[in-house]
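The block underneath contains the structure these notes are about, expressed in structure tokens.
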Amino acid sequence: MPDSRALRRKVAIVGAAETDTVGYLPNHSTLQLHAESAFNALADAGLTLDDVDGIATAGVSPAQLTEYLGIMPRYLDGTSVGGCSFLIHVSHAVAAIAAGYADVVLVTHGESGRSRVGVGGFGGGASTPGGQFEAPFGVFGPPSMFSVPIVHYMKRYGLTEEQLAAVSVSTRQWASMNPRALMRDPITIADVLNSRLIAWPLHLLNCCLVTDGGGALVLVSEERAKDFPKPPVWILGRGESVQHTNISQMWDYSEWTAAAKITGPEAFRMADLDHSAIDHLMLYDAFSHTPIYGLEALGFVGAGEAGPWFEEMRGAPGGALPVNTNGGGLSYTHTGMYGMFAIQEAVRQLRGEAAAQINDVETSLVHGPGGWFSATSTLILGNQ
Amino acid sequence: MNPQKPLPQATPETQEYWDGLQRGELRIQRCRSCNRHYFYPRPFCPHPGCHSRDVEWTTVSGKGKLHSYVIAHRAHPAFAAPYVIAVVALDEGPKMMTNILIDDPRPETLPADAPVEIVYETVNEKVTLPKFRLV
């Protein structure tokens with residue numbers, strides 16, 4: 001059995017500091033307090049922000065903090081449960097560092113509790129960066145934020161609206177084989193292009209559903225895994241990152257940098273597999289372009305090649321590498337945080353119990369964003 | 001009752017930016033260590049590999065290129081569709097979100113990388129928003 005004693009004396013705190021002053025600080029925004037604490041603690045340790053590859057915070061999101069600091073870590077912890085959150089961050093960081101998920105974890109706290117400067121919840125508040133630098137221009141939900149990079153990508157790589165539509169068509173073909181899918185009637189490229197405009201270049205059928213639902217997972221140690229009715233689905237590899245919370249602050253609109261540089265390579269390295277060993281893909285499809293960015297960033301195709309790949313129906317039924325076999329967020333279901341459903345379908349495929357079951361599947365890669373390419377995570381699962 | 005457009009509320013590290021817009025100047029910050037401009041304002045350079053705290057305010061040209069955009073048809077309740085939510089790349093490097101002021105926005109009239117320039121749109125005595133138009 002795993003025993004937390006194995007982590008005894010495995011991790012230490014090597015830098016610690018507060019803000020320059022504490023008390024009444026009306027000239028500091030909430031994020032400024034986080035940053036000042038971070039600079040001071042790193043200086044105390046003789047390190048800089050560029051040494052940090054793990055981040056933990058509460059009150060603000062890890063996405064807000066990384067964007068403000070200008071970093072893209074490979075471990076994040078946004079556990080936000082009140083005053084003891086930072087104790088929990090330390091607890092998680094011990095395991096994360098012992099597991100090799102990060103080498104240097106930065107835990108920050110900053111709170112304008114008295115002056116209330118720059119205070120806001122997730123995406124809220126007129127004084128947050130989003131409230132100041134995006135909300136005044138009429139962004140209105142994911143369709144007008146997640147979609148902002150696409151035109152830049154289209155110019156750079158020649159991606160067409162027809163290729164964007166092909167992602168929806170391919171996914172609907174899988175949905176038509178899944179009785180639980182909300183949208184099962186086959187569609188054509190023309191159907192997508194003729195559907196109502198939401199935020200050009202996105203039409204209605206380029207956008208995920210909005211549904212109700214849920215899912216859950218139970219995980220146990222290797223030793224116990226054989227004692228259950230269903231065969232185990234092993235977690236072979238994982239990766240995580242976060243970089244921004246406002247789409248205007250995404251580093252590069254032509255690629256999904258965090259997936260290309262961090263989550264994909266980490267997951268493949270941990271799993272000790274290469275791309276040819278992956279039998280099945282679940283590429284979180286909030287919109288038609290999300291799997292296009294994902295397929296490229298994970299290295300299954302080269303830059304600019306995913307549009308033609310989907311247009312050739314290579315991820316559709318009968319294609320070389322099945323993608324989103326449940327019908328995806330575009331046609332199966334999308335509650336808002338769809339990632340759980342992507343994992344569920346990977347588990348069903350690996351157990352051999354999917355509605356649109358593919359043959360000889362031993363590995364599945366599940367990949368998706370949080371926010372609008374803000375957070376990123378990759379899992380590689382297997383049944384051998 | 002018409003819903004209100006969301007308006008920004010400045011914070012200490014962004015006040016100079018908003019004050020500059022009120023005067024008709026685009027004020028952004030530049031890092032004295034790596035000599036790169038950045039946006040949005042904060043008291044250190046956010047560029048990976050730099051992160052210097054030796055930064056200064058500069059007035060920039062307000063000229064740039066249309067980096068990417070959407071034409072919003074499903075509108076914010078306070079906005080009239082269609083309208084253009086854009087990210088422009090300033091000639092000095094940083095990118096910022098804005099609206100492109102254009103009648104009847106269509107993909108054909110909004111080519112990616114088209115040159116744009118700032119239009120100062122005064123909302124009230126505290127807020128002037130940086131909008132852009134095609135040059």
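Values below: all heavy atoms of this structure, side chains included; hydrogens, waters and symmetry mates excluded. Letters go in sequence order (proteins before strands), and every chain restarts at 1. The structure displayed is predicted, hence computed values, not measured ones.
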Tell me, side chain or backbone of [X] under 4.5 Å from chain B's heavy atoms, or both, or neither?
X	answer
Gln249(A)	side chain
Ile247(A)	side chain
Thr48(A)	neither

Please rank [options] by heavy-atom pairs under 4.5 Å with chain B and give me the top one.
options	value
Arg196(A), Lys155(A), Gln32(A)	Gln32(A)
Gly141(A), Pro26(A), Ser147(A)	Ser147(A)
Gln132(A), His152(A), Glu36(A)	Gln132(A)
Asn27(A), Val117(A), Leu69(A)	Leu69(A)

Would you check if [X] and [Y] make a side-chain contact, meaning some heavy-atom pair closer than 4.5 Å?
X	Y	value
Met97(B)	Asn246(A)	no
His28(A)	Pro12(B)	no
Leu197(A)	Arg74(B)	no
Lys95(B)	Trp251(A)	no
Phe137(A)	Pro6(B)	no
Ser29(A)	Glu13(B)	yes

Would you call the rings of Tyr68(A) and Phe44(B) parallel, tilted or perpendicular, where under 30° means parallel and over 60° means perpendicular? perpendicular
Please work out which of the three classes, parallel, tilted or perpendicular, describes the rings of Trp18(B) and Phe133(A), given edges at 30° and 60°. parallel
Under 4.5 Å from any heavy atom of chain A, what part of Phe79(B) do you find: side chain, backbone, both or neither?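 Contact with chain A involves the side chain of Phe79(B) alone.
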Checked Pro43(B), Pro111(B), Pro107(B) vs chain A; the most non-hydrogen pairs under 4.5 Å come from Pro107(B)
Do Tyr83(B) side-chain atoms and Gly138(A) backbone N/O form a donor-acceptor pair below 3.5 Å? yes
